[in-house]
Engineer: 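Below: one structure in structure tokens.
We use all heavy atoms of the structure for the numbers below, so side chains are in, but hydrogens, waters and symmetry mates are not. Along the sequence shown, the residues carry numbers beginning at 1.
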Amino acid sequence: QVQLAESGGGLVQPGGSLRLSCAASGSIISINTMGWYRQAPGKQRELVAMMTTAGSRNYLDSVKGRFTISRDNAKNTVYLQMNSLKPEDTAVYYCITDCLASGRYIVNRYWGQGTQVTVSS
């Protein structure tokens, strides 16, 4: 019903930048939030950044000042601009959306398949 298409991952040197994009499609009635989680090998998945349709943002402490989340509500798309990347940012990054889809009566969370971000020299 709801699909999330991520792009923008890759290999970057420490101090470099990447921009992730994620477009939601399908039978979407309304979107509450969109955001990004990440999971590094051997670690639990953690919330990186989240943004509501109204524009409220929250970030993982370790990425504050380096990462910026933004949205294009008309395109159901969320972006994550990642600057000053560090090796510890290496992880699979997952896009999520909390939305109401056609045929559903409650808001559900949908996940993308993930995109690899590797920070290494």
Engineer: I want to check something: taking the side chain as every heavy atom from C-beta on, are S120 and Q13 in contact at a cut-off of under 4.5 Å?
Structural biologist: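 Contact flag for S120/Q13 side chains = no.
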Engineer: State which residues pass side-chain hydrogen bond (donor to acceptor under 3.5 Å, both in side chains) with Q1; sequence neighbours excluded, sorted by chain then number.
Structural biologist: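 Per chain and number, Q1 pairs via side-chain hydrogen bond (donor to acceptor under 3.5 Å, both in side chains) with R104.
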Engineer: Between R71 and T52, what is the shortest heavy-atom contact and its length?
Structural biologist: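 Where R71 meets T52 most closely, the heavy atoms are NH1-C, 3.1 Å.
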Engineer: Running the 4.5 Å side-chain criterion over Ile, Leu, Val, Met, Phe, Trp and Tyr, what cluster does I69 land in, apart from itself?
Structural biologist: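 Besides I69, the hydrophobic cluster comprises V2, L4, V12, L18, L20, I28, I31, M34, W36, V48, M51, Y59, L60, V63, F67, V78, L80, M82, L85, Y93, Y110, V117, V119, listed by chain and residue number.
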Engineer: Identify the two heavy atoms, one from N83 and one from S17, that lie closest to each other, and give their separation to 0.1 Å.
Structural biologist: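 Closest approach of N83 to S17, heavy atoms only: OD1-OG, 2.9 Å.
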Engineer: Kindly say whether C22 contributes a backbone atom to a donor-acceptor pair with the side chain of E6 at under 3.5 angstrom?
Structural biologist: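 Absent.
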Engineer: Can you establish whether the number of heavy atoms outside Q113 located under 6.0 Å from its atom CD is more than 12?
Structural biologist: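 Atom CD in Q113 is not crowded, with 12 or fewer foreign heavy atoms closer than 6.0 Å.
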Engineer: Are any of the side-chain heavy atoms of N73 and T53 separated by less than 4.5 Å?
Structural biologist: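 Side chain of N73 against side chain of T53, heavy atoms only: contact under 4.5 Å found.
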Engineer: Between OG1 of T97 and CD of Q3, what distance do you get to the nearest 0.5 Å?
Structural biologist: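 Reported to 0.5 Å precision, the distance equals 12.0 Å.
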Engineer: Could you give me the CA-CA distance, side-chain angles and deciding distance for D72 and T77, then say whether side chain to side chain donor-acceptor pair (under 3.5 Å) is met?
Structural biologist: CA-CA 5 Å; D72 184 334; T77 299; over 6 Å; no
Engineer: Crowded around E88 CD? As in, over 12 foreign heavy atoms under 6.0 Å?
Structural biologist: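 Enclosed.
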Engineer: If you look only at pairs with a residue in residues 10-39, which of them pass as a salt bridge (Lys or Arg N to Asp or Glu O under 4.0 Å), with sequence neighbours excluded?
Structural biologist: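 Of all non-adjacent pairs touching residues 10-39, those that pass salt bridge (Lys or Arg N to Asp or Glu O under 4.0 Å) are R38-E46, R38-D89.
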Engineer: Between atom CZ of R45 and atom CG of L47, what is the distance when rounded to the nearest 0.5 Å?
Structural biologist: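 That separation rounds to 11.5 Å.
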Engineer: Can you name the ring pair (Phe, Tyr, Trp, His ring centres under 6.0 Å) partners of Y94, sequence neighbours left out?
Structural biologist: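 Counting only residues at least two positions away or on another chain, Y94 forms no ring pair (Phe, Tyr, Trp, His ring centres under 6.0 Å).
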Engineer: How many angstroms lie between SG in C99 and CG in N108, if you round to the nearest 0.5 Å?
Structural biologist: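 With rounding to 0.5 Å, SG (C99) is 7.5 Å from CG (N108).
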Engineer: For residues 3-28, which residue pairs pass the ring-ring contact (aromatic ring centres under 6.0 Å, His included) check, not counting sequence neighbours?
Structural biologist: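 Those involving residues 3-28 do not exist here.
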Engineer: In Å, rounded to the nearest 0.5 Å, how long is the span from OG1 of T33 to CZ of R57?
Structural biologist: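 Interatomic distance, T33 OG1 to R57 CZ, rounded to 0.5 Å: 13.5 Å.
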Engineer: May I ask you to check whether T118 and Q116 show a side-chain donor-acceptor distance below 3.5 Å?
Structural biologist: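 Short answer, yes.
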Engineer: Quick one: salt bridge (Lys or Arg N to Asp or Glu O under 4.0 Å) pairs with a partner in residues 112-121, sequence neighbours left out?
Structural biologist: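 Listed by first then second residue: nothing to list.
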Engineer: If you round to the nearest 0.5 Å, how far is CD of Q81 from CZ of R66?
Structural biologist: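 Rounded to the nearest 0.5 Å, the CZ-CD separation comes to 12.0 Å.
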Engineer: With rounding to the nearest 0.5 Å, note down the distance linking CD in Q44 to CD in Q39.
Structural biologist: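 Atom-to-atom, Q44:CD and Q39:CD are 8.5 Å apart.
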Engineer: Heavy atoms, side chains only, cut-off 4.5 Å: are P87 and P14 in contact?
Structural biologist: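 Heavy-atom side-chain distance check passes, below 4.5 Å.
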